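See below for the structure under consideration.
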Amino acid sequence: MSEYLTEINYDKLIEKSLKHVVIEALKIAERQGLPGENHFYITFKTSHPQVGMTDSLKQQYPNEMTIVIQHQYSNLIVSNSSFSIDLSFNGVPQTLTIPFDAITYFGDPYAKFGLSFTSGENESEPTGSLFDDDEEEETPRKTSGGVASVVSIDAFRKKN
């Protein structure tokens, strides 16, 4: 006997659709690299059980981490449920595996585009947002020598 829904959870449907935008953007970067000046800020829950990262990074960022995908990255591989990427932290190359369910924020500052997610942790309201045209954009710092930067994305979050 199959179970019937008692209601349609539109919030969950919207969040699933918005996550698909992230997946497709990452697939474009996987296939052809990032076009023009586009670059991604991705914040994710490091405590998510399926996140793959070194213990030292997990100790440094026990709850949440933001990565910038711009110039210095390699081996971006997008699967149905996660993506993996090679980045350097303090000159040490490392592979991160990030399930899409762990992502709490995805942004492309160049396109003035951003999405916030509940990350599936029993929170009830997913939110998707586009940047306001008049919102100030923080200038991202370019990294040198292949070193990844963890940055604050507060300047990109929609203010209430």
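No hydrogens, no waters, no symmetry mates; every other heavy atom, side chains included, goes into these values. All values reported here derive from a predicted model rather than from experimental measurement.
In this structure, the separation between CG on Leu115 and OG1 on Thr104 is 11.5 Å, given to the nearest 0.5 Å. Within the model, atoms OG1 of Thr118 and CD1 of Ile103 stand 12.0 Å from one another, a figure rounded to the nearest 0.5 Å. The line from CZ of Phe100 to NE2 of His20 is 10.0 Å long, rounded to the nearest 0.5 Å. Once rounded to the nearest 0.5 Å, the distance linking NE2 of His48 with CG of Asp101 reads 5.0 Å. In this structure, the separation between CG on Asp86 and CD on Gln72 is 13.5 Å, given to the nearest 0.5 Å. Note that CD1 of Ile67 is 12.0 Å distant from OH of Tyr41, once rounded to the nearest 0.5 Å.
Side chains of Leu26 and Ile42 form a contact here, defined as non-hydrogen atoms less than 4.5 Å apart.
Under a hydrophobic-cluster definition in which Ile, Leu, Val, Met, Phe, Trp and Tyr are linked whenever side-chain heavy atoms come within less than 4.5 Å, directly or via other members, Ile14 and Phe113 are assigned to the same cluster. A single hydrophobic cluster is not seen to contain both Ile28 and Ile98; linkage of ILVMFWY side chains at heavy-atom distances under 4.5 Å, directly or through other members, places them apart.
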message = Apply side-chain contact (heavy atoms from CB on, under 4.5 Å) to residues Asn75 and Thr95 and explain how you reach the verdict.
response = CA-CA 9 Å; Asn75 298 321; Thr95 300; over 6 Å; no

inquiry  = Between Tyr110 and Leu34, does the side-chain contact (heavy atoms from CB on, under 4.5 Å) criterion hold? Intermediate values first, please.
reply    = CA-CA 11 Å; Tyr110 179 75; Leu34 288 164; over 6 Å; no

Test log, rule side-chain contact (heavy atoms from CB on, under 4.5 Å), inputs Val22 and Phe117 = CA-CA 11 Å; Val22 174; Phe117 301 101; 3.9 Å; yes

Show every donor-acceptor pair shorter than 3.5 Å between a side-chain atom in residues 77-85 and any protein atom, with sequence neighbours excluded, or say none if there are none.
unit_1, atom_1, unit_2, atom_2, d
Ser79, OG, Ser81, N, 3.4
Ser79, OG, Ser82, N, 3.2
Ser79, OG, Ser82, O, 3.0
Ser79, OG, Ser82, OG, 3.3

List the atom pairs, with distances to 0.1 Å, where a side-chain N or O of residues 51-59 and a protein N or O form a donor-acceptor pair under 3.5 Å, not counting sequence neighbours.
unit_1, atom_1, unit_2, atom_2, d
Thr54, OG1, Ser56, OG, 3.2
Thr54, OG1, Leu57, N, 3.3
Thr54, OG1, Gln94, OE1, 2.8

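Between Pro109 and His39, the shortest heavy-atom contact is CD-O, 3.5 Å. When all heavy atoms of Pro93 and Ser88 are compared, the closest pair comes out as CA-OG, 3.8 Å.
Phe106 and Phe40 have tilted rings, their planes meeting at an angle from 30° to 60° on a 0 to 90° scale.
Residues passing the salt bridge (charged side-chain N to carboxylate O under 4.0 Å, His left out) test with Lys27, sequence neighbours excluded: Glu24.
Side-chain atoms of Thr46 come within 3.5 Å of backbone atoms of Pro62 as a donor-acceptor pair (strictly under, hydrogens ignored).
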